[in-house]
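This one's a predicted model, so the numbers in the text were calculated from it and none came from an experiment.
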Number of protein chains: 2
Amino acid sequence: MLKYQQIANEIQHDIEKKDLPQGTKLPVLETLMSQYKTSKSTVIKALSLLERKGLVYQVRGSGIFVRRRNRKGYISFSNQGFSDELSGFDITAKVLELDIRKPSAEVAFNLKIDSEDDVYYVKRIRYINGQILCLEESYYNKDIVTYLNNEIATGSIFDYISNALGAKIGFSDMYVHIQKLNEDEASHLGLLVGDPKLFVETIFYLNNGLPFDFSRISYNYEQSQFFFQSTGYSL
Amino acid sequence: MLKYQQIANEIQHDIEKKDLPQGTKLPVLETLMSQYKTSKSTVIKALSLLERKGLVYQVRGSGIFVRRRNRKGYISFSNQGFSDELSGFDITAKVLELDIRKPSAEVAFNLKIDSEDDVYYVKRIRYINGQILCLEESYYNKDIVTYLNNEIATGSIFDYISNALGAKIGFSDMYVHIQKLNEDEASHLGLLVGDPKLFVETIFYLNNGLPFDFSRISYNYEQSQFFFQSTGYSL
DNA sequence: CATTATAATTATACCGGTATAATTTATCAA
DNA sequence: TTGATAAATTATACCGGTATAATTATAATG
């Protein structure tokens with residue numbers, strides 16, 4: 001792990017361990033430099049990382065301060081996406097469908113592949129702490145996600161892609177809508193037709209810019225509480 | 001304006017002016033350095049800014065590339081919040097209520113003030129391109145937002161706070177829910193009771209960490225299409 | 001005591017350098 | 001032509017420095 005990431009982790013763990021409240025001032029840069037035996041720029045980079053994670057804020061001429069924490073029961077939604085920030089929640093999945101197929105025009109467009117190329121199609125229900133969280137339909141570029149099965153799809157597919165396939169997940173584009181549930185969705189989510197849903201279309205890219213996953217997710221509105229922190233641009 | 005922000009702007013304008021498609025490779029660092037007559041670190045900082053804005057992505061050993069753009073009609077939702085990213089949309093507002101009052105316990109808690117301190121309360125409907133976008137209730141700490149009137153609240157209150165009051169807006173915490181409209185909301189949004197809504201509670205902070213605005217917003221689901229880009233943490 | 005001016009503190013901008021890791025291109029061998 | 005190997009390209013990590021701007025603490029002033 002990189003030095004600045006390591007330092008960021010240690011500072012984060014320190015904040016969490018000591019349960020520091022909002023507004024607590026952290027040691028000044030100079031102190032952090034000697035504490036972690038590193039240069040100023042590396043400390044700054046670590047702090048910038050923590051600032052973008054929403055853990056601290058920095059005030060020029062004043063100091064570095066601890067930022068407010070999440071409300072309980074809210075899913076933290078960083079600019080990393082949902083999936084990794086689910087610590088503290090019990091996430092499981094039930095696979096409804098899993099097959100290899102040819103993509104529709106829309107899917108092919110979003111994955112930047114030809115309509116003759118193969119994709120893995122996965123339809124599943126995801127649970128959070130035993131409650132139905134969402135209904136997900138995902139299309140994976142088979143050239144990148146070379147293999148999938150039921151067992152893998154029952155767990156975290158992204159963990160599998162990162163760890164087993166060794167691919168590096170980069171960024172994503174999300175298109176968010178508020179809509180009413182249709183019949184199929186309502187039955188899977190255990191809700192009524194016309195009930196609210198959060199509907200999100202996402203294209204996930206590897207860190208080299210290749211799209212590997214196009215997904216459509218309908219969230220159960222009863223479980224949909226998200227915590228989101230903005231940071232401003234001047235980092 | 002800072003040099004690295006200036007450079008980021010110029011690169012952004014260049015991308016938009018030339019309408020460069022996704023995947024287009026930008027000049028290499030060395031070229032950008034001489035092009036903008038600045039040091040490596042400053043160029044890197046400018047590019048890091050653009051990366052967090054979702055405009056480019058960088059691949060080590062390969063280059064800097066243009067990222068996908070927004071779909072038409074979607075409100076771009078950066079980690080800056082909604083308000084500033086509404087270029088291309090016509091945003092207006094109608095003020096329903098505006099007064100000075102004592103905060104409830106919840107409002108006082110979120111603004112970190114005493115229940116005896118004054119707040120400005122503003123209730124208004126915001127329109128996007130003539131359509132009803134949302135119903136907003138906001139509480140402003142009167143020690144910070146010292147004056148408000150109907151005319152100001154008809155426009156952008158944040159612009160007023162930044163420009164006229166000279167305060168620097170820093171970051172925000174958002175709590176997002178999907179719910180059903182109640183009677184009051186439905187009547188103001190021109191929708192039916194039970195229709196979906198995106199309900200967002202936000203605490204806005206100045207750049208020195210002081211909370212100055214606590215707001216509750218109910219979005220019209222028919223106008224609620226948001227574009228959101230995640231970036232990964234390794235910037 | 002309140003206000004103002006000054007100094008100290010502190011984070012940030014900006015510079016330019018070396019070393020490193022990932023990718024791409026060129027080279028060579030089979 | 002293919003596949004492996006080496007070299008070149010390119011972004012990133014990390015260093016340490018000076019200058020600057022914002023804030024906070026201190027001193028001076030009325």
Exercise. Mapping Thr42(A) and Gly61(A) onto DNA chain D by nearest heavy atom, which one lands closer to the 5' end?
Worked result: Thr42(A)

For this session: For Thr38(A) and for Ile64(B), find the nucleotide of DNA chain D with the closest heavy atom, then tell me which residue's nucleotide is more 5'.
Result: Ile64(B)

Exercise. When only distance counts, do a donor and an acceptor, one from the side chain of Lys40(B) and one from the base of dT18(C), lie under 3.5 Å apart?
Worked result: yes

Problem set entry | Check: Arg60(B) side chain, dT20(C) base, donor-acceptor under 3.5 Å | yes

Which whole-number value in Å describes the distance from [X] [atom1] to [N] [atom2]?
X: Ile44(B); N: dC14(C); atom1: CD1; atom2: C1'; value: 12 Å
X: Leu49(A); N: dC14(D); atom1: CG; atom2: C1'; value: 15 Å
X: Lys37(A); N: dC14(D); atom1: NZ; atom2: P; value: 17 Å
X: Glu30(B); N: dG16(C); atom1: CD; atom2: C1'; value: 12 Å
X: Leu206(A); N: dA22(C); atom1: CG; atom2: C1'; value: 15 Å
X: Lys45(B); N: dA11(D); atom1: NZ; atom2: P; value: 19 Å
X: Tyr57(B); N: dT10(D); atom1: OH; atom2: C1'; value: 15 Å
X: Leu47(B); N: dT12(D); atom1: CG; atom2: P; value: 8 Å

Exercise. At under 4.0 Å, does any side-chain N or O of Ser39(A) touch on OP1 or OP2 of dC15(D)?
Worked result: yes

Problem set entry | Distance test, side-chain N/O of Ser62(A) to OP1/OP2 of dT24(D), below 4.0 Å | yes

Problem set entry | ring pair (Phe, Tyr, Trp, His ring centres under 6.0 Å) pairs, two or more places apart, involving residues 37-62 of chain B | Phe171(A)-Tyr57(B), Tyr57(B)-Phe65(B)

Exercise. Are any side-chain N or O atoms of Thr154(B) and backbone N or O atoms of Asn150(B), one a donor and one an acceptor, separated by less than 3.5 Å?
Worked result: yes

[X] side chain, from C-beta outward: closest of [options]:
X: Val59(A); options: dA13(C), dA11(D), dT23(D); answer: dT23(D)
X: Lys168(B); options: dT24(C), dA11(D), dA22(D); answer: dA22(D)
X: Lys25(B); options: dT10(D), dT24(C), dA13(D); answer: dT10(D)
X: Tyr4(B); options: dT10(C), dT24(D), dC14(C); answer: dC14(C)
X: Lys3(B); options: dT20(C), dC14(C), dT23(D); answer: dC14(C)

Problem set entry | Aromatic centroids of Phe212(A) and Tyr120(A) separated by under 6.0 Å | no

Exercise. Looking at Tyr121(A) versus Tyr140(A), is the centre-to-centre ring distance below 6.0 Å?
Worked result: no

For this session: Pick base, sugar-phosphate or nothing for Leu29(A), based on heavy-atom distances below 4.0 Å to the nucleic acid.
Result: base

For this session: Establish, from distance only, whether the side-chain atoms of Ser230(A) and Ser172(B) form a donor-acceptor pair under 3.5 Å.
Result: yes

For this session: For Ser41(B) and for Asn208(A), locate the closest nucleotide of DNA chain C by heavy-atom distance; then report the residue assigned to the nucleotide nearer the 5' terminus.
Result: Ser41(B)

Problem set entry | Lys/Arg N to Asp/Glu carboxylate O, Asp173(B) vs Arg67(A), below 4.0 Å | yes

